[in-house]
Student: 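The structure's right below; bear with me while I get my questions together.
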2 protein chains.
Amino acid sequence: MYGARVPPLWTNTVASHREEVRRTITEAAWSLATRHGPMSVTMSQVATEAGIGRATLYKYFPDVESILHAYHERHVVEHLARLSQLRDAAVGPKRRLEAVAAGYAQICHHRTGHGNVDLVALVHQADRVSEAEKQLVALVEETLADAVAKGVVRADNPVEELALYLVHALGAAQNLRSKAAVQRLVTVTLGALDHRHPRPATD
Amino acid sequence: MYGARVPPLWTNTVASHREEVRRTITEAAWSLATRHGPMSVTMSQVATEAGIGRATLYKYFPDVESILHAYHERHVVEHLARLSQLRDAAVGPKRRLEAVAAGYAQICHHRTGHGNVDLVALVHQADRVSEAEKQLVALVEETLADAVAKGVVRADNPVEELALYLVHALGAAQNLRSKAAVQRLVTVTLGALDHRHPRPATD
DNA sequence: CGGCATCGATACATGGTGTCACCTCCACGA
DNA sequence: TCGTGGAGGTGACACCATGTATCGATGCCG
């Protein structure tokens, strides 16, 4: 389902079962973390929740942090695919930027209900930022850079900084209630990127 | 240093010592968390690092999460005081908003070096948002509301949403390197709040 | 059909957890 | 000044989580 990872004809029964178990484990751990807080999750609890032996669990993951990290990684990959699709479906740099921004805001918004937002931050352990996440930031940066080159986004700031601004600002969507509010957030956030900035001060 | 909290003549030896120990404990725990990750911090480690008995530690805090939470709370109180001061020192709603925004960005920026950023998110455990933090958001909302009332900030969005946008966007400062970059971030972020928004689409 | 490898569970040594009873020492009143 | 109350600090204890080693079971491959 998430793509074959070994040469064809070799991913039949064993590997698929292992992936199934991995999925069960990660979801069980995430469920526990959202319910009782990430600090209190133990390997024993995860094993019980997943319905496997505790020793077996250690053959899949070394500790709780790795499990949560794997869960997060899987979802980031999904989001990356979705954003790529949204970007490619839109025409023109402005539309593409809007599509990616709106898509990212939606993703953040959906995190509100089905899980503790702060868990995401937890898995961002120090330097352990995942490869998929770098790709995600890279996607945003590319889209932005294109928009800057076409003159629809202000060029007076480094693209990396604008991308950082964009991602953080849109992350506020996770605290919003309605979809309308998310739409307003996207509009406001993109407004700051307008090529007609900066403006003369009114004071 | 942090202001007397009991009626005068009553904060002599015992209470001050207790506060001293609390401070030592919280800083020891934060140090461990930044070094080895928050998931691996144990009460035993904290007790050893703080130089007290493990049983004594339980007379101050029930678990690791509470310790980290207390550390964070103390700093939020400091930040709140600083932002209040900045706001009161500035004249006019526009200047006040700029001062508060710049101050908050600086605070986020300073978190980069001396500690893992994600720890902050960790202590935001679910519904356990601290009172001081609510006050901080309230401060931002008040400043924004005043600016909206005076016509220097766009009025086509709810103030709570704009405050959320502002705080999240400025939070990007923690990933920036230079002070100049932080200044650019503040400018870009505040640009979206300009009262001359929304603009006609160019497409 | 039998070797082979991997999966899964019980067993055990180690270390963290939470909580006593007990000790020490400051604060206050006679 | 001194004794007593009460609060802080500590060692000890029982319990649980951890990580690993060993063993039986199951399915793939020649």
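Residue numbers start from 1 in every chain, and the chains themselves are labelled A, B, ... in the order their sequence lines are given, proteins ahead of strands. Model, not experiment: these values are computed from the prediction. Every heavy atom of this structure was used, including side-chain atoms; hydrogens, water molecules and symmetry mates were not.
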Student: Under the side-chain hydrogen bond (donor to acceptor under 3.5 Å, both in side chains) rule, collect the residues that match up with B:Glu160, sequence neighbours excluded.
Tutor: none
Student: Suppose we screen for salt bridge (Lys or Arg N to Asp or Glu O under 4.0 Å). Which residues come up paired with B:Glu27, at least two apart in sequence or across chains?
Tutor: B:Arg23
Student: Round to the nearest Å and state the distance from A:Tyr58 atom OH to D:dT22 atom P.
Tutor: 18 Å
Student: Nearest heavy atom decides the nucleotide; on that basis, is A:Lys59 or B:Tyr60 closer to the 5' end of DNA chain D?
Tutor: B:Tyr60
Student: Roughly, in whole Å, what's the span from CG in B:Leu57 to P in D:dG11?
Tutor: 14 Å
Student: Starting from P on C:dT6, measure out to CD on A:Glu20 and report it in whole angstrom.
Tutor: 21 Å
Student: Would you jot down, in residue-number order, the residues of residues 42-54 of chain A having a non-hydrogen atom under 4.0 Å from DNA chain D?
Tutor: A:Thr42, A:Met43, A:Ser44, A:Arg54
Student: Is the phosphate of C:dA9 approached by A:Thr56 (side-chain N or O, under 4.0 Å from OP1 or OP2)?
Tutor: yes
Student: Extract all donor-acceptor atom pairs below 3.5 Å that involve side chains of residues 41-48 of chain A and protein atoms in other chains or at least two apart in sequence.
Tutor:
residue	atom	partner	partner atom	Å
A:Thr42	OG1	A:Gln45	N	3.1
A:Thr48	OG1	A:Ser44	O	3.0

Student: Can you tell me how far the CZ atom of A:Arg82 sits from the CD1 atom of A:Ile107, to the nearest 0.5 Å?
Tutor: 5.5 Å
Student: Considering only side-chain heavy atoms of B:Arg18, which listed nucleotide, D:dT18, D:dG8, D:dT10, is closest?
Tutor: D:dG8
Student: Round to a whole Å and report the spacing from CG of B:Asp63 to C1' of C:dT19.
Tutor: 15 Å
Student: Could you pull out all residues at least two apart from A:Arg35 that satisfy salt bridge (Lys or Arg N to Asp or Glu O under 4.0 Å)?
Tutor: A:Glu49
Student: Could you work out, with salt bridge (Lys or Arg N to Asp or Glu O under 4.0 Å) as the rule, every residue matching B:Lys59, not counting sequence neighbours?
Tutor: none
Student: Grab the CZ-C1' distance between A:Phe61 and D:dT20 for me, whole Å please.
Tutor: 19 Å
Student: Can you tell me the distance, in whole Å, between the CD atom of A:Glu65 and the C1' atom of D:dT18?
Tutor: 16 Å
